[in-house]
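One structure below.
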Amino acid sequence: MRKIGVFVCHCGTNISSMVDIDRVIESATRLPDVACAVDYQFTCSAPGQTQIKDAIKEYNLDGVVVAACSPRMHEPTFRKTLRDAGLNPYMMEMANLREHTSWVALNRGEATAKAIDLVRMKVAKVARLRPLEEIHLPVTRRALVIGGGVAGIQAALDIADGGVDVTLVERSPSLGGHMAQYDKTFPTLDCASCILTPKMVEVASHPNITLLTYSEVEEVTGFVGAYKVKARIRARSVDLEKCNGCGTCLEVCPVRVPSEFDASLADRTAIYRPFPQAVPAAPAIDRESCIYFKTGKCRACEKVCPADAIDFEQENEIVEVQVGAIVVATGFHFFDARKYTEYGYGSYKDVISWLQFERLTNASGPTGGKLRRPSDGMEPKSIVFIHCVGSRDPSKGFPYCSRICCMATAKHAVITRSKIPDAKIYSFYIDIRAAGKGYEEFVRRAIEQEDVQFIKGRPSRIVQSDGKLLVRSEDAFLGRQIEVEADMVILTNGAAAQNDAAELAQMLGIGYDQYGFFNELHPKLRPVETNKAGIYLAGMCQGPKDIPESVAQASASASKVLGLLSRDQIAREPIIAEVDPGRCTGCMDCMEVCFFTAVEEDEFMERKIAKVLPGVCQGCGACVAQCSDGAMELRAFSDEQIHAEITALFAVEVAR
Amino acid sequence: MTEEYYPRIVGLLCNWCTYAGADLAGTTRIKYPQNIRPIRIPCSGRVSPHFILTSLLSGADGVFIGGCHPADCHYNEGNYYARRRFSVLKSFLDFVGVEPERLTLEWVSASEGDRFAEVVTAFTEDVKALGRPNPYSRKELED
């Protein structure tokens, strides 16, 4: 007979307001294996944990049920409590009386009945638990960072500065991400390049960082401490070792295609460097537009290259890296404003996106930083900004707020004022969201000092007539329709998850939401961890955020990585499958269903049986359900334990 | 038999998606009928057909299995095994005379708290509509 303690938490009033705690205690006390059943206001607090520790000693408990919140929240907390009290930490189960009961129940009677059942089920399971010892595994002291925007750069530098080797994989030919395209940053109007490009150089020259640009992660296998990564380095057609970055090749290339970096406002060549400050400085040949790769003739770049660096025969290369931890910093893409046909983006040349505006005001952009409208190069005298294009609009875009656009628009308006002092500037908004240090002050500056007219209203249509754009909108404060004549309109399109975010999430085994943003483990307490141990998040790939937040998250991820990799060994949950050699008939069905190749053949009393490799098994239990001999068991989720939970549910008829 | 029929449903919820989705339904305070008794399992691939039979034999009115959406399984392919075992078991239930509608398999991700509440509500309604299980079919299962 077991001696189980049941500890029921009120969670302030979160549980007790819906669940009759006294009845739960009373019912638990009557269960055969229960030695004590007590309640406390906050069982997770220090006095609450002391209550458990004291009871373990007083009643000589050998099992514990904590009836409180979700085990996904506090299972590690209470396991530690048991360990501190000298009891095996795996002799504990949590009954979820909060997330699964009090917070979702329609009435107190139903919630109490469910709580009583859940506690009884967990007592039945705990009565069948066995003590488990953690598995210790060696750690590979190297990290992988996916994405070379500001978040990836920060994470890589912080990890590398901590003395751990980093491999940084970036898809495009250069580091920098979206931030490299921006002109200035809010609310300080720091020049984006001036604060970013030195960091890019630092990454490339850091002794602990291996930089793979023009490369993508193709496959990730393994688990925390021992991930195996395959990355494809795309053929750049330029030898990175030989190229001195002189740029002579760029001058002779006859091809012109729209430049991705300049948001299609200018052209680039087929052999190209996205921007002059690119890192690495070596260009890449875009084989889809290169004349030589299409027709077999040209090779003009090769003829002029003084370093003999052009290599048309270069092939894609697959490299394999072993890492202990991974930081995902894959960023975002801008919402496609063409979905708002009423604004004419894509057909009216002078209706441009936010990113195009950044390029138009950027000194390294197509106009050398002079603000000129794309159609005829005229200096616009009347400029309209439209907020929330694709944001806060479930019908055409996304229901969420993209968070950065209000501030970006205020910044754009202030930059416009400095470039064209006599311009009329209008900003159509739904609400102004300027939460952040110095943000509200910056918006007020735009309104009060820079004479930017903020109009509350969502424009309904833009019409072109006589070289002018007519913006029709409501003015919510005046309560009537207005029309503004503009030379140029900037659509502040919101942030969207990368198109292939779901594929990457599936490759890594991390969660993602309906928009494609990756899920953090806990929204408040574990904001950079994922549901896969050893994989962390930084920047926009987790959800819309501005540069300071992205950088902060990157540093947080880096500190998590350094913490993890500072140990020689990591402890893993011992929840893995194991074979009963006596019952195994060696059919090896388990091996067939194991995705992780954690099962191998072994011998027992001169016959073939299955054997589980403890360091490799991930504890999913697919083999257990497959085994027709009942020889395979999953620790902490054994057939016996789960059957006990099920039968305990129906063991007592509870009056409702 | 004047008392209202209150079916009891065993929920076998995978830790990474549906259990977390149920947690999210809680943190966002979405209300749904409380007939379900969730049991946390690592993966829907862990669901042995015995769990379902045990549930029905012990008196469950319905069994709800929750897993990750196809391609989203934390263990890569556990939900595919669950789906295969599920379809076989459904036809078996039909064969022995238990309404196959008493068993359901749903994909609910960790970010779909609202969906968890929706599918549980719908399944609870379905089971209520079926009424009490036929005692003879339970006898059949035992054999």
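Chain A is the first sequence line, chain B the second, and so forth, proteins listed ahead of strands; every chain is numbered from 1.
Atoms CZ and CZ, from A:F650 and B:R8 in turn, are 5.5 Å apart once rounded to the nearest 0.5 Å. Residue A:C617 holds its SG atom at 9.0 Å from OH of B:Y75, rounded to the nearest 0.5 Å.
When all heavy atoms are compared, the tightest approach of A:Q506 to B:A71 is CG-O, 2.9 Å. B:R40 and A:R72 make their closest contact through NH2-CG, 4.4 Å (heavy atoms, listed as atom of the first residue, atom of the second, distance). Residues B:P42 and A:L634 come closest through the heavy atom pair CG-CD2, 3.5 Å. For B:S111 against A:Y512, the heavy-atom pair with the smallest separation is OG-O, 3.6 Å. For A:V593 against B:E77, the heavy-atom pair with the smallest separation is O-OE2, 4.5 Å. When all heavy atoms of A:G509 and B:H74 are compared, the pair lying nearest together is O-ND1, 3.5 Å.
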Could you go through the side-chain contact (heavy atoms from CB on, under 4.5 Å) check for A:F595 and B:C73 one step at a time?
CA-CA 11 Å; A:F595 179 82; B:C73 175; over 6 Å; no

Yes or no on side-chain contact (heavy atoms from CB on, under 4.5 Å) for B:K31 and A:W103, after CA distance, side-chain angles and deciding distance?
CA-CA 7 Å; B:K31 309 291 179 206; A:W103 277 349; 5.5 Å; no

side-chain contact (heavy atoms from CB on, under 4.5 Å) for A:I646 and B:I39? Distances and angles first, verdict last.
CA-CA 8 Å; A:I646 297 170; B:I39 295 176; 3.7 Å; yes

Start with the C-alpha distance between A:K114 and B:I36, add both sets of side-chain angles, then the distance that settles side-chain contact (heavy atoms from CB on, under 4.5 Å), and finish with yes or no.
CA-CA 8 Å; A:K114 186 173 183 178; B:I36 190 165; 4.0 Å; yes

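Per-residue counts of heavy-atom pairs under 4.5 Å with chain A were compared for B:Y80, B:Y19, B:W16, B:F116; the largest is that of B:Y19. In terms of non-hydrogen atom pairs under 4.5 Å with chain A, the most contact-rich of B:T28, B:L12, B:V10, B:T27 is B:T27. Among A:Q514, A:K125, A:E503, A:Q626, the residue making the largest number of heavy-atom pairs under 4.5 Å with chain B is A:Q626. Ranked by heavy-atom pairs under 4.5 Å with chain B, the list A:I510, A:L508, A:L106 is led by A:L106. By number of non-hydrogen pairs under 4.5 angstrom with chain A, the leading residue of B:S48, B:P38, B:A110 is B:P38. For the set A:S102, A:A622, A:G621, A:C620, the entry with the most heavy-atom pairs within less than 4.5 Å of chain B is A:C620. Interface remark: of the candidates A:Q618, A:E645, A:H643, A:H643 forms the most heavy-atom pairs closer than 4.5 Å to chain B. Chosen from A:C69, A:G511, A:S70, the residue pairing most often with chain B at heavy-atom distances under 4.5 Å is A:S70. Annotation: maximal heavy-atom pairing with chain B below 4.5 Å, among A:E75, A:E93, A:R98, A:M73, occurs at A:E75.
Within the 4.5 Å cutoff, no side-chain heavy atoms of B:E112 are placed close to those of A:D513. In this structure, B:I30 and A:V104 have side chains that are not in contact, with every pair of non-hydrogen atoms separated by 4.5 Å or more.
Interface remark: B:Y32 contributes backbone and side-chain atoms alike to the contact with chain A (heavy atom separation under 4.5 Å). If you measure heavy-atom distances from A:D639 to chain B, the contacts under 4.5 Å come from both the backbone and the side chain. Only the side chain of A:N519 comes within less than 4.5 Å of a heavy atom in chain B; its backbone stays farther off. Heavy-atom distances place both the backbone and the side chain of B:A20 under 4.5 Å from chain A.
The backbone N or O of A:M121 lies less than 3.5 Å from no partner atom in the side chain of B:R37, so there is not a single donor-acceptor pair.
Classification of B:R29 and A:E99 as a salt-bridged pair fails, no side-chain N sitting under 4.0 Å from a carboxylate O.
Judged purely by distance below 3.5 Å, without hydrogens or angles, the side chains of B:D23 and A:N96 pair a donor atom with an acceptor atom.
Under a cut-off of 6.0 angstrom, the local environment of NE2 in B:H69 is crowded, with over 12 non-hydrogen atoms contributed by other residues, nucleotides or ligands.
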